[in-house]
Amino acid sequence: MAELPKRYDPKAVEPKWYQRWIDDHDFVANSKSSKPPFSIVMPPPNVTGVLTLGHVLNDTIQDILCRRARMQGFEVLWLPGMDHAGIGTQTAVEKYLRRTENKTRHDFGREEFLRRVLEWQDKHGGIIIEQLKRLGCSCDWSRQRYTLDEGYAHAVQSVFVDLYNKGLIYRGRRMINWDPAAQTALSDEEVVSKPQKGKLYFVQYEIAEEAGRFLEVATTRPETIMADTAMAFHPGDTRYVNLLGKHVWRPLAREKIPIIADEAIDPEFATGVLKVTPAHDSVDFEIGQRHDLPIIDVLHPDGRINCPTELELNGLDRFKAREKAAELLQTRGALTKTEAYENNVGFSDRSDVPIEPRISEQWFLRYPKTNEALAVVRNHLIRVFPAHWEKVYAQWLENIRDWCISRQVWWGHRIPAWYRKQKAEGRGQRSEIYVGVEPPPDPDNWVQDPDTLDTWFSSWLWAYETMDEETQKKFYPTSVLVTAPDIIFFWVARMIIAGLEFRPGKSDRDEDNIPFRHVYFTGLIRDKRGRKMSKSLGNSPDPLELIDKYGADGLRFGLMRIAPSGQDIRYDEKQIEEGRNFATKLWNVARLRQMHGETSNAFGAKIDDKHLSIYAIEVLSRLNETIDAVDAAYRDYQFNAVAQHLYDFVWSDYCDWFVEAAKTEIFGDDDARKKSTLATMDFVLSAILRLLHPFMPHITEELWSLLGFGKTSIQFAAPVQKIALDNVTDVPGKRELVSAIYRTVQTGRNLRAESKLQSNRGIGFILCSNEKLISEQLPAITRLLNAEEVKLDGEYQAPAGNPVAVTPLGEISLAIAAADKERERERLAKEIARIENELRTAEEKLKNKSFVERAPAEVVDEHRTRLKNLSAQLARLKQAREDLN
RNA sequence: GCGCGAUUAGCUCAGUGGUAGAGCACUUGCUUCACACGCAAGGGGUCGCUGGUUCGAUACCAGCAUCGCGCACCA
């Protein structure tokens, strides 16, 4: 074996192993396998997206679960893919074309524009897939899917047709959320409300029947006055009852409109009068329906005013028009005052511009199976981690509204509906509709709906339409879905509904048709200051740069260690650095082992547990505990806990204590002992590598191979098993002794440091102990203390002035007098104060009658023992203080 | 307004009905034969506030405060 370099070099190791795994088809799932299945479908990233830290978090977790399952003997399918991201991709291409060719999509026409999008997709598409490979993701790339794959697209359309035939999809003219920037309808979920500082404009409308008398109304949107078709007050509002049935003059686009009464008006708000604008507000629309008001739309799709009768406003952008309208009202004497006002305005999640509520003819889905979808989660057929998301999910389903699924976008799945040409011209008549996966037989007489479907209307089938029949049979329902909570409605809930409605499972039972058995929601990654990561803030680091700097394994481990117990994550690059440092630590402790000759084949090797040192017994016991803790943490999807347990075990238990103690034997003359110690090191190290492999696949594979722990890849190595230690007598007693030794060592080190002795200076200690088993442990204690010599003397009385401390094994003292008596006095005083403090709390407890009577006997005993020990320690330290004087 | 979550060391976060933890940062000593991306030692916390349950509460319960998130909103 060649000597390893001091530092692990991920750049040399990671690509090499990834390529090997691909070449060996290690990630390809076999549908015919007899192993039990484990499957995950990857939440598909946007086809033109690039890797973000959010993806790293998500996909690392999925990779961990998959790799662990592989080691546990499951047949694993991790199915990757991408989605076409209708609006997002189209917007990006439009922006690009405007910049480079100064043309809109309409300049190109549909066909040419789509050709351009495909060009764009070929150029920018799929980058993220290559990035995921650099992260080490063990996806079955042979099964990679895309939402626009022919078969998948066909399925999306079939589903549309099916739901249409069931009467669940319908076309209707309704209030929808209009995005004037993207110029498309959006679903309710794509609207986010934000508080906005605006103004409240108080406007007077003259009463037609009583010239000179006015009705005052407060509005935030004076630019929609031309669309007012009534004024309304609450029926119980006595101030206005006598005006019911009369009319007012609309001050812009002057016309007479009626005064009505409606329950929806809050008499407390402002003047208690509402201007009713049915075309531009959903509450007003409902009022309009109740009172049979006309609907006047004064907005172009792009948000400009469409009102030829008010020339000064016509054609203005809605926000410019707001100011202009106020001006006009002012000059016409209709504006009485304005007030600063803060209200919530719906913004487009896509374009970040205010949404226009707008009447529009769109396609809607009346959700099926909502009760069933509630039930499968409530009854834990689907388990949600962390569980509190169940409530959020239920809340949404309980208040669910029809889903507007049509988008005025060209890039996506075209709506499979056609309208008959001639009838379409007839006024007021519903045109005849043909809905089918295949176009109508006489296509010349029909024109297809120009719109496409919401991208989520395709991804809700992702859990099973990505699988061929055989794959579905083996791997559906999937084992777990890993995703961020911000798409719980967009995707998670809708997938559950799709599974229950379309029933792709092997039987008709719900448990065979749900898309996944577990859902794990990750946290959201925020920056140091707690802000969401976003492109516009520029606070999102490039994971590829992080991989260059710290290695994929370092990035993965660093992120997982701080990641999710369902909380949001404050990201700090320091944490990734720690991940890299941990990789280096692991590398070096393996390097140490490798310097001492060939390893035993520790994979499945048996340890001769009759000849173990007490330190070996301790580390093996700690390994057992770690295995249990890790298993438990995995069961709860507590990845940070898994990482932390492994980190602590490797760094503290293995490196700091066991390996340091073991050096006595490794560098010693007793070959049998040396061999036994090395065998323990191999055993533990091979366990460490296997436990860490899901988190750090590359370095563990490299070390597995370098140390010769297995002939084949670590990926399929047997899971780590606890070691029984059957032939060891009195394990607890031996562990107790090790623990006492370690505490003694720490006390000794402290004594030296507090006495200001340089840590590299040779120094003698005397341990005054009657512990029988100690003498053979002296070499280890000496090494751990980095001492020149440790003398054991059960009768030893430290000379006055020699620093002394109390340990579980007895007193330990330095062989030399304290150089600085004052410092020594202070040290003793501090120690005495600490012990007196502890003594006091223990005494108080034991003085309390009800504590002694009612607390469990073992707790009381524990405190009694403590009291005894502390008193003894205190006496000895006080003696030392006396001696000093 | 309704719901959810958080509040523990300077920072990021674990945690437990009985003695408060880690990493980073900080101070000190050390290039000791795996590792300075390291080793060793140390300082630092009324566990948000107020009640309740309990022999005992940082932990369990209730209320409050602050912050964050989601849903619904009055123009």
Side-chain angles (χ1 to χ4, degrees), chain A residues 4 6-8 188 192-193 200 217-221 232 264-277 281 283-284 341 343-344 386 388-389 391-392 394-396 399 485-486 488-489 524 526 528 530 532 550 554 561-562 565-572 574-575 577-596 638 640-641 644 647-648 651-652 655-656 659-660 663 667 745-746 749-754 756-762 783-786 837-838 841-842 845 848-856 858-860 862-863 866 870:
Chain A
L4 303 178
K6 266 192 185 184
R7 283 194 188 158
Y8 168 61
D188 295 337
V192 288
S193 76
L200 206 48
V217 69
T219 178
T220 53
R221 302 204 62 189
I265 286 81
D266 174 9
E268 304 289 313
F269 185 84
T271 61
V273 180
L274 176 72
K275 72 184 202 60
V276 184
T277 321
D281 183 279
V283 174
D284 292 16
Y341 186 66
N343 64 340
N344 285 317
H388 70 257
W389 290 108
K391 212 159 177 173
V392 177
Q395 215 171 36
W396 182 76
N399 299 294
D486 52 356
I488 183 169
F489 313 136
L524 234 50
R526 296 172 178 281
K528 253 196 232 179
K532 235 171 158 166
Y550 303 110
R561 202 164 145 238
I562 55 163
S565 47
Q567 295 306 310
D568 286 356
I569 298 150
R570 295 252 175 145
Y571 168 79
D572 186 344
K574 271 269 172 235
Q575 290 147 339
E577 196 182 315
E578 282 175 41
R580 187 268 321 259
N581 293 352
F582 182 60
T584 310
K585 187 73 179 177
L586 181 65
W587 180 259
N588 272 292
V589 79
R591 191 167 154 252
L592 167 85
R593 173 60 193 90
Q594 187 246 19
M595 285 171 174
H596 291 94
Q638 299 263 359
N640 55 340
Q644 193 59 43
Y647 183 94
D648 288 343
W651 206 303
S652 177
C655 294
D656 289 347
V659 169
E660 291 307 322
K663 280 178 181 173
F667 290 107
V745 166
Q746 281 177 312
R749 286 168 175 172
N750 174 255
L751 203 58
R752 173 216 289 265
E754 291 287 311
K756 293 286 160 197
L757 295 167
Q758 293 196 339
S759 45
N760 61 344
R761 187 172 150 195
R783 176 173 277 275
L784 290 169
L785 275 169
N786 194 25
N837 221 1
E838 282 184 39
T841 54
K845 276 206 166 195
N848 185 342
K849 250 194 192 158
S850 17
F851 171 74
V852 179
E853 280 164 20
R854 309 182 73 151
E858 66 241 39
V859 174
V860 178
E862 206 179 299
H863 280 84
R866 243 184 109 220
L870 287 169

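Order of the sequence lines fixes the chain letters, A, B, ..., with proteins taken first and strands second; residue numbering starts at 1 for each chain.
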Legend entry - Polar side-chain contact A:K391-B:rC4 base: donor and acceptor under 3.5 Å: no
Inset, instruction - Tell me what A:V283 touches on the nucleic acid: a base, only sugar-phosphate, or nothing, going by heavy atoms under 4.0 Å. - result: sugar-phosphate
Inset, instruction - Pick the C1' atom in B:rG43 and in B:rU31, then give their distance to the nearest Å. - result: 26 Å
Inset, instruction - Check the angle between the aromatic planes of A:F667 and A:H596 and answer parallel, tilted or perpendicular using the 30° and 60° thresholds. - result: perpendicular
Inset, instruction - Would you mind telling me which of B:rG42, B:rA25, B:rA34 lies closest to the side-chain atoms of A:L592? - result: B:rA34
Inset, instruction - Starting from C1' on B:rC24, measure out to CD1 on A:I562 and report it in whole angstrom. - result: 12 Å
Inset, instruction - Identify whether any heavy atom of A:P485 sits under 4.0 Å from a base atom; if not, whether one sits that close to sugar-phosphate; answer base, sugar-phosphate or nothing. - result: nothing
Legend entry - B:rG42 to B:rC47 separation - C1' atoms, rounded to the nearest Å: 23 Å
Inset, instruction - Give the rounded distance in Å between these two atoms: NE2 of A:H388 and P of B:rC71. - result: 14 Å
Legend entry - Nearest-Å distance for atom pair CG/P, residues A:L586 and B:rG38: 13 Å
Inset, instruction - Grab the CH2-P distance between A:W651 and B:rA14 for me, whole Å please. - result: 21 Å
Legend entry - A:L784 backbone acceptor or donor facing A:R749 side chain under 3.5 Å: yes
Legend entry - Side-chain donor/acceptor of A:D281 to backbone N/O of A:V276, under 3.5 Å: no
Inset, instruction - Return the 5'-most residue of the pair A:N750, A:N581 with respect to RNA chain B, ranking by each residue's nearest nucleotide. - result: A:N581
Legend entry - side-chain contact (heavy atoms from CB on, under 4.5 Å) partner of A:I265, chosen from A:V273, A:V283, A:L274: A:L274
Legend entry - Rounded distance in Å between the P positions of B:rU46 and B:rA41: 25 Å
Inset, instruction - Return the value, rounded to whole Å, for the distance between atom OH of A:Y647 and atom C1' of B:rG38. - result: 11 Å
Inset, instruction - Among the candidates B:rU19, B:rA75, B:rA34, find the nucleotide nearest to the side-chain atoms of A:I265. - result: B:rA75
Inset, instruction - If B:rC67 has a Watson-Crick or G-U wobble mate with both distances under 3.5 Å, name it; if not, just say none. - result: B:rG5
Inset, instruction - Compare the minimum distances between each of B:rA40, B:rC35, B:rC55 and the side chain of A:E660, then state the nucleotide with the smallest one. - result: B:rC35
Inset, instruction - Counting heavy atoms from C-beta on, name the nucleotide in B:rA75, B:rG18, B:rC35 closest to the side chain of A:L274. - result: B:rA75
Inset, instruction - Would you mind pulling out the nucleotide paired to B:rG42, Watson-Crick or G-U wobble, both distances under 3.5 Å? - result: B:rC26
Legend entry - Short side-chain donor-acceptor distance under 3.5 Å, A:N750 and A:Q746: no
Inset, instruction - Among B:rA34, B:rA41, B:rG70, find the nucleotide with the atom closest to the side chain of A:Q746. - result: B:rA41
Inset, instruction - Looking at every strand, decide which applies to A:Q575 at a 4.0 Å heavy-atom threshold: base, sugar-phosphate, or nothing. - result: sugar-phosphate
Inset, instruction - Searching all strands shown, indicate the nucleotide that pairs with B:rG18 (Watson-Crick or G-U wobble; both distances under 3.5 Å). - result: B:rC55
Legend entry - Whole-angstrom distance between B:rG44 and B:rU27, as gauged at atom P: 16 Å
Inset, instruction - Could you tell me whether the phosphate oxygens of B:rA34, OP1 or OP2, come under 4.0 Å of any side-chain nitrogen or oxygen in A:R591? - result: no
Legend entry - B:rU50 and B:rA36, which share atom name C1', separated by this distance in whole Å: 50 Å
Inset, instruction - Respond yes when some side-chain nitrogen or oxygen of A:K663 is under 4.0 Å from OP1 or OP2 of B:rU32, and no when none is. - result: no
Inset, instruction - With the side chain of A:F489 defined as its heavy atoms from C-beta on, choose the nearest nucleotide among B:rC71, B:rG29, B:rC4. - result: B:rC71
Inset, instruction - Report which part of the nucleic acid A:R580 touches: base, sugar-phosphate, or nothing (heavy-atom distance under 4.0 Å, all strands). - result: base
Inset, instruction - Taking A:R561 for its side chain and A:E578 for its backbone only, find out whether a donor-acceptor pair lies under 3.5 Å. - result: no
Inset, instruction - Search all heavy atoms of A:K6 against all heavy atoms of A:N588 and return the closest pair with its distance. - result: O-ND2, 3.0 Å
Legend entry - Side-chain donor/acceptor contact of A:K756 with base of B:rA41 under 3.5 Å: no
Inset, instruction - Scan A:K275 against the nucleic acid and name what it touches under 4.0 Å (heavy atoms): base, sugar-phosphate only, or nothing. - result: nothing
Inset, instruction - Please determine, for the side chain of A:F269, which listed nucleotide (B:rC74, B:rC35, B:rC37) has the closest atom? - result: B:rC74
Legend entry - Pair A:L200-A:T220, side-chain contact (heavy atoms from CB on, under 4.5 Å): steps then yes or no: CA-CA 5 Å; A:L200 206 48; A:T220 53; 3.7 Å; yes
Legend entry - Among B:rC24, B:rG3, B:rU19, the one nearest A:Q395 by side-chain distance: B:rG3
Inset, instruction - With the side chain of A:N343 defined as its heavy atoms from C-beta on, choose the nearest nucleotide among B:rA34, B:rA75, B:rG42. - result: B:rA75
Inset, instruction - Please report, rounded to the nearest Å, how far the C1' atom of B:rC13 is from the CD atom of A:Q644. - result: 9 Å
Legend entry - A:K845 NZ - B:rU54 P separation (whole Å): 17 Å
Inset, instruction - Remember a base hit wins even if backbone is also touched, and classify A:R7 as base, sugar-phosphate or nothing at under 4.0 Å, heavy atoms. - result: base
Inset, instruction - Please determine, for B:rA62, whether a Watson-Crick or G-U wobble partner exists with both distances under 3.5 Å, and give it or none. - result: B:rU50
Legend entry - Residue whose nearest RNA chain B nucleotide is more 5′ - A:D656 or A:D188: A:D656
Inset, instruction - Write down the distance separating the C1' atoms in B:rG51 and B:rG68, rounded off to the nearest Å. - result: 26 Å
Legend entry - Pairwise P distance, B:rG17 and B:rC60 [rounded to whole Å]: 8 Å
Inset, instruction - Hey, can you tell me if A:Y341 and A:F269 have their rings parallel, tilted or perpendicular (30° and 60° cut-offs)? - result: perpendicular
Legend entry - Pairing partner of B:rC35 (Watson-Crick or G-U wobble, both distances under 3.5 Å): none
Legend entry - Selected nucleotide, minimal atom distance to A:Y341 side chain, candidates B:rA75, B:rC37, B:rA34: B:rA75
Inset, instruction - Report which part of the nucleic acid A:R561 touches: base, sugar-phosphate, or nothing (heavy-atom distance under 4.0 Å, all strands). - result: sugar-phosphate
Legend entry - Atom-to-atom span, NZ of A:K6 to P of B:rC35 - whole angstrom: 5 Å
Inset, instruction - For B:rU12 and B:rC55, measure between their C1' atoms and round to the nearest Å. - result: 37 Å
